2 protein chains.
Amino acid sequence: MTKPDKREEISRAALELIAENGFHGAPMAMIADKAGVGAGTIYRYFENKDVLITELYQDLEERMYPCIQEGYSTDKPIRERFIHLGTALLRYFIEYPLDFRYLEQFHNSPYGTDYRRDKILGDKEECHVFRDLFEEGIARQEMKNLPLVIMFSLAFGPILTVARDQILGFVSLDQVLITRSIEACWDGVKR
Amino acid sequence: MTKPDKREEISRAALELIAENGFHGAPMAMIADKAGVGAGTIYRYFENKDVLITELYQDLEERMYPCIQEGYSTDKPIRERFIHLGTALLRYFIEYPLDFRYLEQFHNSPYGTDYRRDKILGDKEECHVFRDLFEEGIARQEMKNLPLVIMFSLAFGPILTVARDQILGFVSLDQVLITRSIEACWDGVKR
DNA sequence: TATTTAAGAATGAACGTTCATTCCGGACAA
DNA sequence: TTGTCCGGAATGAACGTTCATTCTTAAATA
């Protein structure tokens, strides 16, 4: 196995195990086993488990954002743009359930909370598409005039919840249900 | 300390530590310390840590449900009932942040998933108020005709997310913002 | 009332297990 | 041969749980 391949294998194994069993259900030895490397080898690629977890999350974000924004254009109407992003996000979660589960594990842990705090205070780049859309929607009076954080909750809260239900098997979403769910989210944020 | 007091102290300590640090950030020794009892004493009241965690959750539900339903009446209009329950829920979470954090920890763990699976399949009693409201709302064509699970996501997804943001300090909700948030949730589920 | 006794409650040191991390002998490339 | 990389046994810290012992209390006895 070449060097970058090995790193790749470790990432894949860690993502899968953590997504399915949580951080504490994915010991380093088990990750090594699944990746087909020795336990010590992981530490040649990642300083420690915390670093592995954080880098895994950043890789995931870098995969996800471009995928969601494909075909997105700021020229289209606000509503259409909202539906585009919401649908793309929900579809992504359904298509890559491991990514979604990892995302959830991360967000519902001290890692995620700290990360989010940095992001909100530090004005990170990535989610500016969402922020821009909401700010424009509010300015044009097409969306409710509520604090951005609340708008995010109204829009993403249901998407995350519904994605979890789909992945855990509590509901089975088809194309129609996805669209209608996202349209319902729009009803929540629109003026 | 009398016997029931001791059990109470252990519950309180466990709830607080788990709410703040998660299940793995709350070792039995630490819980015992905080409760002012010996490590072994916990096992006189709870068979093991799993039982402690589950009973803590059930106690919490029993505290929460009556509190939310206070003043609730099935005679009032659908919308009014929805606003009542939503507001009461969000208020409860804000007033008892430890309860909310514990609830989240529980739901985002294998305990919670199994519990939920039992609940959905086993038709448990407690959340029938919500279920009844939605079923009536749909039947009367005042709410969107979507699967119940999705309706729950649309209504509770934002409430949970916004409650978390409030508790983590990302937003500061006053009376007006609470009302407007819940009304926005209604816009999401209404026809 | 004062003293003894027994039963149950509480304790915390000790145990076995699990885990992240380290370390060193060997395999392979140059 | 020399240097680099890898594997997995070794390490020690942390955890949940147990159990031999101590403490508390109240009934029984004198």
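In this text, all values refer to a predicted model and were calculated from it rather than measured experimentally. Lettering of chains follows the sequences in order, A, B, ..., and the numbering in each one begins at 1.
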Options [options], nucleotide nearest the side-chain atoms of [X]:
| X | options | result |
| --- | --- | --- |
| A:Lys6 | D:dG16, C:dT21, D:dC6 | D:dC6 |
| A:Thr41 | D:dC6, C:dA10, C:dA13 | D:dC6 |
| A:Arg44 | D:dC6, C:dA13, D:dG7 | D:dC6 |
| A:Lys49 | D:dG16, D:dA9, C:dA20 | C:dA20 |

Could you check whether B:Glu183 pairs with A:Lys144 (Lys NZ or Arg NE/NH1/NH2 to Asp/Glu carboxylate O, under 4.0 Å)?
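No, B:Glu183 and A:Lys144 are not salt-bridged.
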
Run the salt-bridge test on B:Arg140 and B:Glu136 with the 4.0 Å N-O cut-off and return the result as yes or no.
yes

Nearest-Å distance for atom pair [atom1]/[atom2], residues [X] and [N]:
| X | N | atom1 | atom2 | value |
| --- | --- | --- | --- | --- |
| B:Ile10 | C:dA9 | CD1 | C1' | 12 Å |
| A:Asp5 | D:dC5 | CG | P | 16 Å |
| A:Met28 | D:dC6 | CE | P | 15 Å |
| B:Asp33 | C:dG12 | CG | P | 9 Å |
| B:Ile42 | D:dC15 | CD1 | P | 13 Å |
| B:His24 | C:dC19 | NE2 | P | 10 Å |
| B:Ile31 | D:dC15 | CD1 | C1' | 12 Å |
| B:Phe23 | D:dC15 | CZ | C1' | 16 Å |

Short side-chain N/O contact from A:Tyr45 to OP1 or OP2 of D:dC6, under 4.0 Å:
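Checking D:dC6 against A:Tyr45, a side-chain N or O does come within under 4.0 Å of OP1 or OP2.
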
Are A:Tyr43 and C:dC23 close enough that a side-chain N or O sits under 4.0 Å from OP1 or OP2?
no

So, using side chain to side chain contact (heavy atoms under 4.5 Å, CB included) as the criterion, who are the partners of B:Asp59 when residues are at least two apart?
B:Arg63

Return the set of residues passing side chain to side chain contact (heavy atoms under 4.5 Å, CB included) with B:Ser109 (not counting sequence neighbours), or none when no residue passes.
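For B:Ser109 the side chain to side chain contact (heavy atoms under 4.5 Å, CB included) partners, ignoring immediate neighbours, are B:Phe23, B:Tyr111.
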
Compute the centroid of each ring, for B:Tyr92 and then for B:Tyr96, and state whether the two points are separated by less than 6.0 Å.
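Yes, ring centres under 6.0 Å apart.
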
